[in-house]
Amino acid sequence: MANVRLTMRKIREVLRLHFECDRKQREIADAVGASTTTVWHYLRRTRLAGLSWPLPPELLTDDAALEARLYPPPARREPTRGMPDWPAVHREIGRKGVTLDLLWQEYKAQHPDGCGYSWFCKAYQEWAQRLPVTMRQTHMPGQKLFVDYSGKKLGIINPDTGEVREVELFVAALGVSGFTFAELTWTQQLPDWIGSHVRAFAFYDGLVEILVPDNLKSGVHKPGFYDPDINPTYQEMARHYSVAVIPARSKKPRDKPKAELSVLLVQRWVLARLRNQRFFSLGEANRAVAALLGDLNNRPFKKLPGSRRSVFDEIDRPALRPLPEQPYQYAEWKVARIGPDYHVELDQHYYSVPYRYAREQVDVRHTTNTVEIFHRGQRIAAHGKSARRRYHTTIDAHMPPEHLAVAKGWDPERLRNWAADIGPHTAAVIQHLLGARKHPQQSYRTCLGVLRMGKDYGRDRLEAACRRAIDLKAPNYKFIDSTLKNGLDREPEPATGQADLPLVHANVRGPSYYH
């Protein structure tokens, strides 16, 4: 536009110097900073347009009017027959792989005497320029679903108290057809946000490739142009349905024009029609919304053939991917730190994890019925969800042996079985320790200490240390612990005779023990 104004100003100066000052073309060229050919061209255009100096008043200030007189657009030859069906061309160009060249070739096959390719492209662009801005957006069938909440709300009356509670309006629209889904929810919180998406997918009976939400906190923790931080539950739902989440930029409504337009239409054609009705439950209100939503989707377009539903059935529906066998089950995520008692807190209930993860940071995923705990992406524990506050849910396998002994109460048979699972020499040492005292319970802690060495050093090394302890007639906790700490279990066995300590015996401390 600035170049047009500068050119028109220069042309007026050329005309003034030529007609009013009677200057030569070379002098005029030097004065306006142009070539003599350009000056000659301006004067020739003026003669062809039938203008003289002074110019008519309307051309002295109106650059567009002067340009139109001096440079009228060339007369375009309309095709003698077979004018292209521009609404059909506009609808087809949205299909994947369809180009204007392909559509022109199909047009020429039906109308051999029709227009050329250049005229076809330019005429289509001029026709498309007259459409509303939102209709000029290029979308692929079944590719994007735009989602947003309406700023306007509807009131629900509590039948018991008469209190009116405002509810939110969730709106979703497909990119090509604009086929719209809408429903009322109590809040914009995460459970309602996820539930509306699940019901929207069921409404469309198919899946798109990309979700385009606004930067609502329930969907996007931290907006960002390059790497927005998506809510973990929202991301998990997207993975379940194999869709990508690409949020619109903050304060950029043109990134989601279908959502903006659909929200406006739902406000006008649904909420406005319900403004004088009284609703006493959310279900009753949603049934009324669904009925009016059908009318909205069936309304004919003003400037294009068909309706949202007809375009959806023709273009969007075939491009949608099938739904998974099971809908997404809502789950929330929480970052927590495991306590020193190897339990993690959720809603004032405590769930156990393997004791080696004590004091570690974990991710807790919880649904209505289950609690799952993840450490660096690996699930380390799963529990049924409990509503009891200030209680513990503990799995025995998560407890260290000494805690389990206190909690469950150990008996000699359990200790013998554990030792026998490690090896015969370990079993002999545990049998000796259990018989070394008058009451076996007095030996439980020592036995647990020996058996736990199998986790610290490995079962094979513990078995070797117990063999050495038997050979040297020192089957006690301190000797085995020292043997493992100093690596003596790896040394050749001492050259001694067969151990006098049998695996099974009636009197553990026989007379030979003291010689």
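How far CG of L174 is from CG of L320: 6.0 Å, rounded to the nearest 0.5 Å. Atom OG of S307 is separated from atom CZ of R299 by 10.0 Å, given to the nearest 0.5 angstrom. Atom OG in S386 sits 12.5 Å away from atom OH in Y350 (nearest 0.5 Å). In this structure, the separation between SG on C466 and CE on M453 is 8.5 Å, given to the nearest 0.5 Å. Put simply, NZ on K478 and OG1 on T446 are 10.0 Å apart, with the number rounded to the nearest 0.5 Å. Distance CD/Q329 to NE2/H240: 9.5 Å, rounded to 0.5 Å.
Salt bridge status for D481 with K485: present, with a side-chain N to carboxylate O gap under 4.0 Å. Here R287 does not pair with E284 in a salt bridge; the nearest charged N to carboxylate O distance is not below 4.0 Å. Comment: R365 engages E236 in a salt bridge, judged by a side-chain N to carboxylate O separation of less than 4.0 angstrom. Contact check on R199 versus E183 returns a salt bridge, with a Lys/Arg side-chain nitrogen under 4.0 Å from an Asp/Glu carboxylate oxygen. One finds no salt bridge joining K385 and E372 here, because no Lys/Arg side-chain nitrogen approaches an Asp/Glu carboxylate oxygen to under 4.0 Å. The pair R459-D421 meets the salt-bridge criterion, since a charged nitrogen lies less than 4.0 angstrom from a carboxylate oxygen.
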Does the side-chain hydrogen bond (donor to acceptor under 3.5 Å, both in side chains) test come out yes or no for R309 and N297, once each step is laid out?
CA-CA 5 Å; R309 181 175 294 278; N297 284 321; over 6 Å; no
Is there a side-chain contact (heavy atoms from CB on, under 4.5 Å) between Y351 and V364 once you walk through the steps?
CA-CA 10 Å; Y351 300 90; V364 182; over 6 Å; no
List the steps and the verdict of side-chain contact (heavy atoms from CB on, under 4.5 Å) for H349 and T393.
CA-CA 8 Å; H349 190 90; T393 296; 2.7 Å; yes
Go through it in stages, so that I can follow the logic: the residues are M237 and L211, the test is side-chain contact (heavy atoms from CB on, under 4.5 Å), and I'd like the CA-CA distance, side-chain angles, deciding distance and then a yes or no.
CA-CA 11 Å; M237 184 211 70; L211 283 172; 3.9 Å; yes
Step by step, work out the side-chain contact (heavy atoms from CB on, under 4.5 Å) result for D148 and V171.
CA-CA 5 Å; D148 201 358; V171 179; 5.6 Å; no
Decide yes or no on salt bridge (Lys or Arg N to Asp or Glu O under 4.0 Å) for R337 and E345, but give the supporting numbers first.
CA-CA 8 Å; R337 187 169 294 278; E345 182 270 334; over 6 Å; no
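In this structure the side chain of N286 reaches within 4.5 angstrom of the side chain of L282, judged on heavy atoms. Taking the side chain as every heavy atom from C-beta outward, V89 and L100 approach each other to under 4.5 Å. By the 4.5 Å heavy-atom criterion applied to side chains, L265 and R308 are counted as neighbours. Side-chain contact check for Y477 versus V429: every heavy-atom pair is 4.5 Å or farther apart. You'll find the side chain of I373 stays beyond 4.5 Å of the side chain of D363, heavy atoms only. In this structure, the side chains of R416 and L434 come closer than 4.5 Å at one or more pairs of heavy atoms. Side chains of P424 and E463 form a contact here, defined as non-hydrogen atoms less than 4.5 Å apart. Two residues are said to be in side-chain contact when any heavy atoms from C-beta on lie closer than 4.5 Å; D460 and D489 fail this criterion.
Closest approach of I380 to P354, counting heavy atoms only: O-CD, 3.4 Å. Closest approach of S281 and I156 over heavy atoms only: N-CG2, 3.8 Å. The two residues L415 and I430 have their closest heavy-atom pair at O-CG2, 4.2 Å. Here the shortest heavy-atom pairing between V245 and A238 reads CG2-CB, 3.7 Å. Across all non-hydrogen atoms, the minimal contact from D347 to R389 is O-NH1, 3.7 Å. For the residue pair A285 and L184, the shortest heavy atom distance occurs at CB-CD1, 3.5 Å.
Listed by chain and number, the residues in a side-chain hydrogen bond (donor to acceptor under 3.5 Å, both in side chains) with D101 are Q105 (sequence neighbours excluded). In terms of the salt bridge (Lys or Arg N to Asp or Glu O under 4.0 Å) criterion, D341 has no residue partners (sequence neighbours excluded). Checked against side-chain hydrogen bond (donor to acceptor under 3.5 Å, both in side chains), S150 has the following partners two or more places apart in sequence or in another chain: Q267. D295 meets the salt bridge (Lys or Arg N to Asp or Glu O under 4.0 Å) test with no other residue; sequence neighbours excluded. Under the side-chain hydrogen bond (donor to acceptor under 3.5 Å, both in side chains) criterion, R275 pairs with no residue at all, not counting sequence neighbours.
A donor-acceptor pair shorter than 3.5 Å cannot be found between the side chains of S196 and D192. Side-chain polar atoms of E332 and H366 form no donor-acceptor pair below 3.5 angstrom. Between S177 and D316, the side chains place a donor N or O and an acceptor N or O closer than 3.5 Å (distance only, hydrogens not considered).
Between Y234 and Y328, the ring center distance fails the sub-6.0 Å criterion. No close placement of the Y330 and W193 rings is indicated, their centers lying 6.0 Å or farther apart. Taking the centre of each ring, H197 and Y241 stay at or above the 6.0 Å mark.
Counting non-hydrogen atoms of other residues, nucleotides and ligands closer than 6.0 Å to CD of Q277 gives a total above 12.
Side chain of Q235 to main chain of N231: no donor-acceptor pair is present (N/O by atom type, distance under 3.5 Å, no hydrogens or angles). A donor-acceptor pair is defined here as one N or O able to donate and one able to accept, closer than 3.5 Å; no such pair exists between the side chain of T187 and the backbone of T185. Using a distance-only test at 3.5 Å, with no hydrogens or angles considered, a donor-acceptor pair links the side chain of N486 to the main chain of S482. Distance alone, capped at 3.5 Å, is enough to place a donor-acceptor pair between the T233 side chain and the A331 backbone. For H383 (side chain) and S352 (main-chain N/O), a donor-acceptor pair under 3.5 Å exists by modelled atom type. Side-chain N or O atoms of Q143 include none that pairs as donor or acceptor with a backbone N or O of I210 at under 3.5 Å. Here the side chain of R468 pairs no donor or acceptor atom with the backbone of T483 at under 3.5 angstrom.
Residue F181 forms a ring pair (Phe, Tyr, Trp, His ring centres under 6.0 Å) with just one option from F203, F201, F146, F312, and that option is F203.
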With a cut-off of 3.5 Å and sequence neighbours excluded, list every side-chain donor-acceptor pair involving residues 162-169.
| residue | atom | partner | partner atom | Å |
| --- | --- | --- | --- | --- |
| E168 | OE1 | Q188 | NE2 | 3.0 |
| E168 | OE2 | K153 | NZ | 3.1 |

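Figure legend: R388 and Y391 shown as a cation-pi pair, the cationic atom lying under 6.0 angstrom from the six-membered ring centre and within 45 degrees of its axis.
Ring geometry for H343 versus H392: interplanar angle over 60°, hence perpendicular rather than tilted (30 to 60°).
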